[in-house]
Amino acid sequence: MSTEEKVASHYTHGSLETAILQTLAENGKDIDNLRLRDLAGVDEFHLGRHAATAEFARDLDLAAGLLLADIGSGLGGPARHFADAYGCTVSGIDLTDEFVQVANSLTARCGLADRVSFRQGSALSLPFESGGFDRTTLIHVGMNIEEKAALFGEIRRILKPGGRFGLYEIMQMREGTLPYPMPWAMTPETSFVRSPAIYRQLLEEAGFVVELEQDRSALAIRLAHEARAKAASAGEGGNPGIRTLMGPRASERSGNVNTSVEAGLLAPIEMIARAV
């Protein structure tokens, strides 16, 4: 299999929508008329979860009417927030066909299908016309993409001059061996974590000026501690949504990334870059 096929296979569940809807129904949610907050436990698969998404959106200077492409959109949580909170029209793309199907279904159940849509495709060959977007986003995606120069070139292609590209990625902050499995990869074979310096260099070479860079480790660590404390007090084995997404080794995989962030080996880094 190609690297992209291996990555798509890694994220494919097989009956993800059924599992999510069953969990929601068991928790008393009206699955035919969902609210965004009903999905908070499952649809934002990144460090810091919704709190990080909200801060990221503010830094992107979003506004009603802007066209936004979310690259590696997953189950669509951030895309739905961008549309609901700011009035953007969002086009999401993801390598994993099952994620795309579930994202579109959940979006329709939330009443946002007129503003948010998803399709399957590769971030290295985006199915969008050149210069068609005001904003692009990349949230915890680059760890699975080795060809980051090609990725940033494609993102620059679809952005209007002066448009902003916001990325929120797990980056390696010092030398050291990463513990596997991780949420994004079971082994190093499909893991391509890089340093902030490499990201900055490649962004500049692709035609961007980095205007903002922030380390979100403190937020991620605080929220991880709060989640563990809540689960322990309730006698639970962690977030059921994360268990649904990551399977039986969910705790190990989450623990490895959280431990690496606390040790300063990895960090969730936000960058906002302007297309020139």
Side-chain angles (χ1 to χ4, degrees), residues 4 7-8 11-12 16-17 34 36 39 42-46 50 52-54 56-142 144-145 147-148 150-169 203 206-208 270-275:
E4 287 193 335
V7 170
Y11 289 109
T12 298
L16 184 57
E17 182 174 5
L34 291 172
L36 294 190
L39 298 170
V42 72
D43 69 344
E44 300 197 51
F45 192 29
H46 53 263
H50 183 68
T53 298
F56 180 58
R58 286 193 290 270
D59 292 338
L60 268 170
D61 192 26
L62 300 181
L66 292 182
L67 301 180
L68 186 151
D70 186 23
I71 314 302
S73 46
L75 298 183
R80 287 187 287 271
H81 174 72
F82 301 150
D84 182 66
Y86 293 93
C88 299
T89 297
V90 185
S91 298
I93 184 169
D94 200 277
L95 199 59
T96 305
D97 187 63
E98 186 177 26
F99 276 10
V100 171
Q101 294 178 26
V102 176
N104 278 319
S105 175
L106 294 177
T107 298
R109 291 173 186 272
C110 290
L112 289 171
D114 60 328
R115 283 181 278 164
V116 188
S117 62
F118 304 90
R119 69 173 82 175
Q120 193 277 336
S122 170
L124 299 178
S125 182
L126 295 172
F128 302 124
E129 66 180 30
S130 298
F133 290 94
D134 304 289
R135 301 286 187 273
T136 57
T137 51
L138 188 80
I139 302 176
H140 283 31
V141 175
N144 286 128
I145 299 177
E147 305 91 341
K148 290 179 176 56
L151 168 66
F152 296 157
E154 271 292 271
I155 290 172
R156 175 62 189 88
R157 178 184 65 79
I158 67 170
L159 264 178
K160 299 174 182 178
R164 286 189 172 86
F165 169 32
L167 57 90
Y168 179 52
E169 296 283 276
L203 285 167
F208 291 98
E270 175 191 323
M271 292 181 180
I272 307 295
R274 178 172 49 84

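Scored by the ring pair (Phe, Tyr, Trp, His ring centres under 6.0 Å) test, F208 finds F165 as partners (sequence neighbours excluded). Residues meeting the salt bridge (charged side-chain N to carboxylate O under 4.0 Å, His left out) test with R157, sequence neighbours left out: E154. Here V141 pairs with L138, I145, E169 under the side-chain contact (heavy atoms from CB on, under 4.5 Å) rule; sequence neighbours left out. Looking at residues two or more places apart in sequence or on another chain, you find no ring pair (Phe, Tyr, Trp, His ring centres under 6.0 Å) involving F82. Among residues two or more places apart in sequence or in another chain, the side chain to side chain donor-acceptor pair (under 3.5 Å) test is passed with E4 by S122. For A69, the side-chain contact (heavy atoms from CB on, under 4.5 Å) test picks out I71, F128, F133, T136, I158, with sequence neighbours left out. Legend: residues meeting side chain to side chain donor-acceptor pair (under 3.5 Å) with D59, ordered by chain and number and at least two apart, are Q214, R216. Residues satisfying the side chain to side chain donor-acceptor pair (under 3.5 Å) test with H140, not counting sequence neighbours, are none. D94 pairs by the side chain to side chain donor-acceptor pair (under 3.5 Å) definition with nothing, not counting sequence neighbours.
Counting only residues at least two apart or in different chains, salt bridge (charged side-chain N to carboxylate O under 4.0 Å, His left out) contacts with residues 97-113 comprise E17-R109, D32-R109. Each salt bridge (charged side-chain N to carboxylate O under 4.0 Å, His left out) pair with one or both residues in residues 113-132, not counting sequence neighbours, would appear here, but there are none. Sorted by first and then second residue, the side-chain hydrogen bond (donor to acceptor under 3.5 Å, both in side chains) pairs with a member in residues 61-84 read D43-R80, D70-T137, R80-T107; sequence neighbours excluded.
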Evaluate side chain to side chain contact (heavy atoms under 4.5 Å, CB included) for T53 paired with H46, printing each intermediate quantity in order. CA-CA 9 Å; T53 298; H46 53 263; 2.9 Å; yes
Given the rule in the side chain to side chain contact (heavy atoms under 4.5 Å, CB included) test, do L39 and C110 qualify, once you have shown the distances and angles that lead to the verdict? CA-CA 10 Å; L39 298 170; C110 290; 3.7 Å; yes
Audit row: F118, V90, side chain to side chain contact (heavy atoms under 4.5 Å, CB included) steps and yes/no: CA-CA 8 Å; F118 304 90; V90 185; 5.8 Å; no
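For the atom pair OG1 of T96 and CD of Q101, the computed distance is 11.0 Å after rounding to the nearest 0.5 Å. Distance check, rounded to the nearest 0.5 Å: CG of L112 to CG of N104 gives 12.0 Å. Expressed to the nearest 0.5 Å, how far CG of L159 lies from CZ of F152 amounts to 12.5 Å. Here L124 contributes atom CG and L126 contributes atom CG; the two are 8.0 Å apart, rounded to the nearest 0.5 Å.
In this structure, V116 and A83 approach most closely via the heavy-atom pair CG2-CB, 3.3 Å. In terms of heavy-atom proximity, G153 sits nearest to A206 at N-CB, 4.1 Å. For the residue pair L67 and G132, the shortest heavy atom distance occurs at CD1-O, 3.5 Å. The minimum heavy-atom distance linking V42 with L75 is given by the pair O-CD1, 3.7 Å. Across all non-hydrogen atoms, the minimal contact from C88 to A63 is SG-O, 3.6 Å.
Shown are K160, R164, R274; of these, the salt bridge (charged side-chain N to carboxylate O under 4.0 Å, His left out) with D134 is made only by K160.
The side-chain heavy atoms of I155 and L167, taken from C-beta on, include no pair separated by under 4.5 Å. Within the 4.5 Å cutoff, the side chain of Y11 has heavy atoms near those of the N144 side chain. A 4.5 Å side-chain heavy-atom check between F99 and L16 finds at least one atom pair inside the cut-off.
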